[in-house]
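To start, the structure itself, in structure tokens.
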Amino acid sequence: MTVTQNRPTHEIMDTDAMMVPFLREYGLPGARERARHHIGRCVEAGLEDDAAFWMRVSNQLETLASSDYGPGALFMSSGPISPTATRPG
């Protein structure tokens, strides 16, 4: 059985909620690359709203990358967000 989603990504997920699993799965450099991949995929498919969603995700990842507060400082109750992060101190 195949489950399909008829609603676009931008209607079911916010950018913050998408950043966390991307950072956990790929780390910051990989998450930035994957977000850019999704932008290109959506543009090629003519999914403008989804491309805009992934652009917002990409912009937030770029902001995180350029800030002093990097993903190594981001922790959730289940552990660090980035697989390469270590707890400070």
Side-chain angles (χ1 to χ4, degrees):
M1 176 182 197
T2 302
V3 177
T4 60
Q5 178 57 258
N6 294 327
R7 293 182 353 195
T9 304
H10 69 277
E11 290 181 5
I12 58 174
M13 175 98 40
D14 68 62
T15 56
D16 292 334
M18 183 54 72
M19 282 180 49
V20 173
F22 261 45
L23 288 170
R24 283 186 181 201
E25 183 68 24
Y26 303 110
L28 184 56
R32 292 165 60 196
E33 180 182 329
R34 293 303 301 169
R36 285 189 221 114
H37 167 79
H38 285 300
I39 293 166
R41 180 184 56 79
C42 291
V43 168
E44 287 177 1
L47 304 171
E48 296 173 6
D49 291 334
D50 284 357
F53 167 81
W54 286 108
M55 194 66 199
R56 288 191 303 274
V57 171
S58 178
N59 288 344
Q60 286 187 342
L61 290 168
E62 292 297 330
T63 299
L64 180 61
S66 65
S67 72
D68 291 336
Y69 186 78
L74 300 178
F75 284 86
M76 301 203 43
S77 59
S78 59
I81 290 178
S82 170
T84 58
T86 57
R87 202 173 278 279

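Met55 and Leu47 are assigned to two separate hydrophobic clusters, defined by single-linkage of ILVMFWY side chains at heavy-atom distances under 4.5 Å.
Rounded to the nearest 0.5 angstrom, Ser58 OG and Phe53 CZ are separated by 11.5 Å. If you take CD on Glu44 and CD1 on Ile39, they are separated by 12.0 Å, rounding to the nearest 0.5 Å.
For Gln60, the side-chain contact (heavy atoms from CB on, under 4.5 Å) partners two or more places apart in sequence, or in a different chain, are Thr15, Asp16, Met19. Every residue meeting the salt bridge (Lys or Arg N to Asp or Glu O under 4.0 Å) condition with Glu62, not counting sequence neighbours, appears here in chain and number order: Arg32, Arg36.
Counting heavy atoms from C-beta outward, Glu33 and Tyr26 have side chains that stay 4.5 Å or more apart. The shortest side-chain heavy-atom distance between Met18 and Asp14 does not fall under the 4.5 Å cut-off.
Smallest separation of non-hydrogen atoms from Leu61 and Ala31: CD1-O, 3.6 Å. Closest of all the heavy-atom pairs between Cys42 and Asp50 is SG-CB, 3.6 Å. In terms of heavy-atom proximity, Val43 sits nearest to Ala51 at CG2-CB, 4.0 Å.
The aromatic rings of Trp54 and His38 sit parallel to each other, their planes meeting at less than 30°, with 60° as the upper class boundary.
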